[in-house]
Amino acid sequence: MYIVHIASECAPIAKVGGLGDVVYGLAKEQQKNGNRVEIILPKYDILKYDCLQNLKVERGDLWSFEENNQIHNTIWRADLESLTTYLIEPHHEAYYFNRGYIYGGSDDIERFLYFSRTALEFLYKQDKKPDIIHIHDWPTAIVAPLVHHLYRDLGFHWKGIVFTIHNMEHQGKCFPSHLSRIGLRGEDFRSFDKMQDPNNPSLLNLLKGGIVFSDYVTTVSPRYREEIKTPEGGAGLDRVVRAYSSKIKGILNGIEVESWNPAKDPHLPFPYPSNPTFISTIRKQKEENKKALCKKLQIQADGKPLIGCVTRLVKQKAPYLIKEAIHYTLENNGSFVLLGTPGDQEIRNTFEHLKESYRGHPNLYIGLYFDESLSHLIYAASDGFIIPSLYEPCGLTQMIAMRYGAVPIARKTGGLADTVFDSDDTSIPKEGRTGFCFETADRGGVEYALQRVFETFRNEPAKWDSLIKNGVSCDFSWKKAALTYQKIYFLALLRNRPLAELALLEK
Ligand code: ADP
């Protein structure tokens, strides 16, 4: 099958969060399974160019459209390991992707609408005929309406469109005039059955456009699929989700087990196998990594449970519960390492203040920045790893933590509820229990979990070992998810193709 991902992120070259990990991990697995896979991304100035090979101009003369103007673009081609990526560089007066960031401009809508339109223009002009176009979240959701309402008439060939919702919170609300900028008649889409925002009828909603116009929609965990049908989880689109629920499927993300491999991780001073039969080696090497981390960060954790947290610090991740966890841990003679990227200045100030109030505390490190390498060492060094999210479409950090022998402490929501099973939950077999869960998003919830964590870590080493063993035994690779996506792709083809042709494809 010929699959093209059009996305705003792809790890490791352009990653803000899980979306980037998913595009990379899924694409790699799809390629391993014999598919032809390509990824189209903006050519950000902050791409990690050292991870790309053979960067060269694929097409120097691609003209795209915005507000009736022709805009010149250079399309670059590069290898991301074995994956072909195309990078769109607009020669645009607004320097859309030369801003030192991926998201965060007041014109993000314009930037990603332009990118989506140009990505399709590239496929069309290169006469590419993908079987599946796979789009991700609001930044590239407009691809689905564009294909149906513009490129179909131009004679563009594609066979199916699949849209993955990584997070319902960000929807890309915009004016009809925004669509008109890239060649669609915006007002034509302002109806309930198309892209009208259900809560503000004068606006359009790009995420809704992805849901309505794609053949299949996926969420990144089965539980999240159910949650977004509810008013609490649907972020205003729950009715739309319910209306289209027959074409929405929940597929649990995997993690990229080659780059997240504690046995070969170049960021770890003391690698160890992610294999339950080597539990004593895991424990020993974890202890060494813990020492290395403490030395690096100039803190102490000898003999204490070390709780790690690696996260974007945004409302979804419940920063106030992370604060509670820090207080509780320090009050109870544990150590805590937080590596968090603040989502806004207010959150940054809160954590700067917290850092100041604990200045000189030997058992706490707070780093308010993004650091891939340090994150790996934190997973490897931590005993427990906390993810107290208010909601979590899937969450990757709990899976990475388990693979690195850190016991997850998670709020029971979304993908966390699909992957972390409580150590005291007698309704599941012992070997299925992997962590500590809590329901209520308050101090009581966090304390309930952490109190059991400390108790188990200190007084029940055999039980703690079994949690580590059960966690590292889980298969979080992309294998299963990639096969499920493949089935969805076939269903998408079925919707759009005569049966005879499909039979040929199967041969
Ligand atoms: P989300 O996509 O909502 O941010 P996920 O759990 O799906 O959350 O994915 C988060 C990814 O980003 C993980 O790979 C995690 O290690 C990484 N990450 C988050 N914050 C940081 C940070 N400050 N430094 C390094 N990596 C981070």
Side-chain angles (χ1 to χ4, degrees), residues 7-26 48 102-104 136-139 164-170 219-221 223-224 227 235 251-262 265 267-268 293 296-297 308-319 322 337-344 347-348 351 355 365-382 385-404 406 408-411 413-420 435 476 478 481:
S8 51
E9 295 180 43
C10 178
I13 54 173
K15 167 174 159 178
V16 175
L19 194 163
D21 286 313
V22 170
V23 171
Y24 172 70
L26 176 61
K48 288 206 174 127
I102 293 181
Y103 312 114
H136 300 267
D137 271 355
W138 76 264
T164 294
I165 300 174
H166 299 256
N167 195 330
M168 201 72 181
E169 196 65 22
H170 311 289
T219 61
V220 288
S221 71
R223 171 108 166 207
Y224 193 55
E227 288 176 355
I251 305 176
L252 188 70
N253 280 339
I255 54 173
E256 214 290 299
V257 289
E258 276 169 41
S259 35
W260 292 112
N261 181 357
D265 192 328
H267 304 294
L268 306 190
L293 178 72
K296 188 180 168 87
L297 305 180
C309 182
V310 178
T311 186
R312 291 184 298 124
L313 286 168
V314 293
K315 208 170 148 217
Q316 172 197 343
K317 309 289 180 179
I322 296 173
V337 172
L338 165 66
L339 177 62
T341 329
D344 60 42
I347 295 183
R348 179 178 289 279
F351 280 87
K355 210 168 145 176
Y365 179 82
I366 297 179
L368 300 177
Y369 50 89
F370 186 95
D371 186 334
E372 184 76 33
S373 174
L374 178 60
S375 76
H376 287 239
L377 185 55
I378 294 174
Y379 290 112
S382 297
F385 189 93
I386 190 155
I387 321 103
S389 308
L390 296 181
Y391 71 94
E392 194 57 77
C394 178
L396 302 176
T397 61
Q398 78 282 13
M399 295 193 260
I400 302 170
M402 282 186 252
R403 189 157 161 78
Y404 279 60
I409 307 151
R411 207 173 88 72
T413 179
L416 295 172
D418 282 335
T419 49
V420 182
F476 291 126
W478 271 103

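Counting starts at 1 for both ligands and their atoms, in listed order. Keep in mind that what you see is a predicted model, and the values were worked out from it rather than measured.
Near ligand 1, K15, G17, G18, D21, W260, V310, T311, R312, K317, L339, G340, T341, Y369, F370, D371, S375, Y379, G395, L396, T397, I400 each place a heavy atom less than 4.0 angstrom from the ligand.
A salt bridge does not link K315 with E169: every distance from a Lys NZ or Arg NE/NH1/NH2 to an Asp or Glu carboxylate oxygen is 4.0 Å or more.
In this structure a side-chain-to-backbone donor-acceptor pair under 3.5 Å is present from E9 to G17. When atom types are taken as modelled, the side chain of D265 and the backbone of H267 share a donor-acceptor pair closer than 3.5 angstrom.
Under the 30°/60° scheme for interplanar angles, the aromatic rings of H376 and Y404 are found to stand perpendicular.
For the residue pair Y24 / S259, no side-chain donor-acceptor distance below 3.5 Å is found, with atom types taken as modelled.
Taking the ring centroids of W260 and F476, they lie at or beyond the 6.0 Å cut-off.
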